[in-house]
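Both ligands and their constituent atoms are indexed starting at 1 by order of listing.
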Amino acid sequence: MAMKHVIVGTAGHIDHGKTALVKALTGIDTDRLKEEKERGISIELGFAHLDISDDLHLGIIDVPGHERFVKTMLAGVGGIDLVVLVIAADEGVMPQTREHLHICELLQVKRGLIALTKVDLVEPDWQEMVRADLEGFLAGTFLEGAPVIPVSSISGKGLPELRGALRELAEGVEPKRQGGIFRLPIDRVFTIKGFGTVVTGTIWSGTLKVGDEVIVLPQELGSRVRRLQVHGRTVEQAWAGQRTAVNLPGLEVDQVDRGNLLAFAGAPKSAMAFDASLDLLKDAPRALRSRARVRFHLGTSETLARVVLLDREELRPGEEALAHLRLEAPATALAGDRYVIRSYSPALTIGGGSILDPTPPVRRRAKALVLEHLKVLRSGTSGQQVERLLLQAGPTPIALDALRASASLDDTSLMTELTRLVETDVAVRLGGKNELGYIHKTTYDRLAAEILSRLEEFHRREPLKDGLPKEELRTKLPQAGPALFAHLLHHLAEERRIAIDREKVRHYLHQPTFSPEEQAVKGRLETMYRSAGFQPPDLEVALSRAGGGGKAGVTIFHRLADEGMVVKMKDDLYLHRDHYERAKGMLIDYLKLHASITVPGFKDLLGVSRKFAIPLLEHFDSVKLTRRQGDERVLYA
Ligand SMILES: Nc1nc2c(ncn2[C@@H]2O[C@H](COP(=O)(O)OP(=O)(O)OP(=O)(O)O)[C@@H](O)[C@H]2O)c(=O)[nH]1
Ligand SMILES: [Mg+2]
């Protein structure tokens, strides 16, 4: 069985014994800095690990509890699977106990337990009182009913129980879905002599291999992975959910920071704004006014932002709304990512939510439309969400990768929805050699209708012309790119709504209307070709003899071809369709009897000169009736 990696984070008020507990569990002292030692507090994130069994490995992130380091704590808990909320039995619930719990809730940490530390310092009845208090504190949160384990890191009491409870919780953690867009929010950057810059973090999604080309966002600095370590072991590949150290040659340590994102070029993309849902905590000290300036935390990054409330002027504690977050520095998200906001001053956690649109359009949009769009992304079924994204993309086919970044769905659900939407005719897949993307059927149909009406208009204006040149038609539909335009034409032709002849397009029902004079020319041409047998005159000669010189004559002649009255052999050489069929029949009969035919043989068969025999044979080759073998032709099949 493969080793399961689970990331555990500590949380809790300053001095409640988080670091001491990690040390008691793992033997690793995560307070490494001189300043941490001197002041007796954690300042930076600490990292430890614990092999619970042969197939279960815990990566542990120890966070600082000091109120000034909540932003460091936020950078640490972004990728955790489990939280150990540390509460000292002698002090009970304190401000950062509360704030850290709120943060875990806002980030939707799914499970965890409470370590009631320092039990060696309190009397049993005091401990009972604190426990009773806890019940009220945890009620309604994801930790309601979670195990509360009394421990002492000094005496070691309760550690086996804690280990057992961690194991049980860790076994219940669903492995992170593999696949998806690779990203690793960077929480540490340092150098190793001889190797250069190394970044660490928990992989949020996707996988990373040695040799992969990566970029650091938002700076977009490129590098290639030279070495990878997972929990201290050198590996070839690292997976979602693993704490990973990545050696990035060519990057200087001061070019990369905590808060940057390691990703592949293309997706995700950085943005200066997000559309999101926003919950204001019940405990928030006051209502949030639209355009308020806040601290915005996403992954390991922090930036200032303004919250523009989309459907109200202020958001009261405990309420939820849709918001446009205008950032003061670029950040990078995928749909569905959770974020946290803190008030600017005093810095206090007040709310958070889900990114709904990680790359909202820059242009001004009608508020009602934005709201409708976001409501579907927030609460719609996966099918409705995908459909919504297709509608939003309009005539720009949206590629699979872009959908992966904008839909908060895993790859399998996304593919299932796309297939279903295509099969039920809600979306169109623009295939081809390279997949071009998807477009909503409504948009597709609107463009198809526009093509038809453009053609109708053209035929009204130019009743004699047999069609509109493709390129001219295309310039009338600039919204549709070349690939989409080609797809539309092909589709309309297949449905017999239009006909395409060479470079010209016409409405399927369009017949150029001829005057009696033109009708007469057409009649004479037909007669001429019918009586010419296998040896028709040159087109120019025919036209002038029929009295149809000039452009009009050519148009009339093309009509004959469109109607199938004459069949093109090459350039200006056409056969009347009766003679064409006759030549074909004679050739087939001959080849059935003789197996092959030469050019002289064919000349004799039809009684024509080389001038006609060769183009005819070449035509039959091209329509795969015959096949050339040296000097002879045989039946194709
Ligand atoms: N008696 C007793 N003291 C403890 C216990 N756990 C921790 N301590 C002491 O409490 C103090 C703070 O412990 P830390 O582990 O540094 O606390 P912390 O939660 O990591 O603090 P920050 O990281 O600064 O938030 C230290 O002096 C520890 O020795 C315990 O179970 N019993
Ligand atoms: Mg500590």
Shortest heavy-atom approach to atom 14 (P) of ligand 1 - which of Gly46, Pro150, Gly17: Gly17
Any protein heavy atom nearer than 4.0 Å to atom 28 (C) of ligand 1: no
Selection from Ser155, Ala20, Ala115 by shortest heavy-atom distance to atom 15 (O) of ligand 1: Ala20
Ligand-side contact atoms (ligand 1) for residue partner Leu121, heavy atom cut-off under 4.0 Å: 1 (N)
Region of Asp120 that comes within reach of ligand 1 [heavy atoms, distance under 4.0 Å]: side chain
Qualifying residue for salt bridge (charged side-chain N to carboxylate O under 4.0 Å, His left out) with Glu44, from Arg32, Lys34, Arg258, Arg188: Arg258
Asp81 side-chain N/O to Ile7 backbone N/O, donor-acceptor pair under 3.5 Å: yes
Lys18-ligand 1 polar pair, N/O distance under 3.5 Å: yes
Region of Lys118 engaging ligand 1 - heavy atom pairs below 4.0 Å: both
Side chains of Glu99 and Thr349, donor plus acceptor under 3.5 Å: yes
Pairs flagged by side chain to side chain donor-acceptor pair (under 3.5 Å) wherever residues 57-76 is involved - sequence neighbours left out: Thr10-Asp62, Thr19-Asp62, Thr30-Asp62, Asp51-His57, His57-His231, His57-Arg233, Lys71-Glu302
Contact check: Ser153 vs ligand 1, nitrogen or oxygen atoms, below 3.5 angstrom: yes
Donor + acceptor pair across side chains of Ser406, Asp357 (<3.5 Å): no
Residue Thr19 vicinity, atoms of ligand 1 by number, heavy atom under 4.0 Å: 15 (O), 18 (P), 20 (O), 23 (O)
N or O contact, Asp62 vs ligand 1, cut-off under 3.5 Å: no
Flag, side chain of Lys18 to backbone of His13, donor-acceptor distance under 3.5 Å: yes
Subset of ligand 1 atoms that lie under 4.0 Å from at least one heavy atom of Ser152: 31 (O)
Flag, side chain of Glu417 to backbone of Val386, donor-acceptor distance under 3.5 Å: no
Under 3.5 Å donor-acceptor, Glu144 side chain and Gly140 backbone: yes
Proximal protein heteroatoms (N, O or S) of the Mg ion (ligand 2), under 2.8 Å: Thr19 OG1, Ser42 OG
Within-cut-off N or O pair, Gly65 and ligand 1, under 3.5 Å: yes
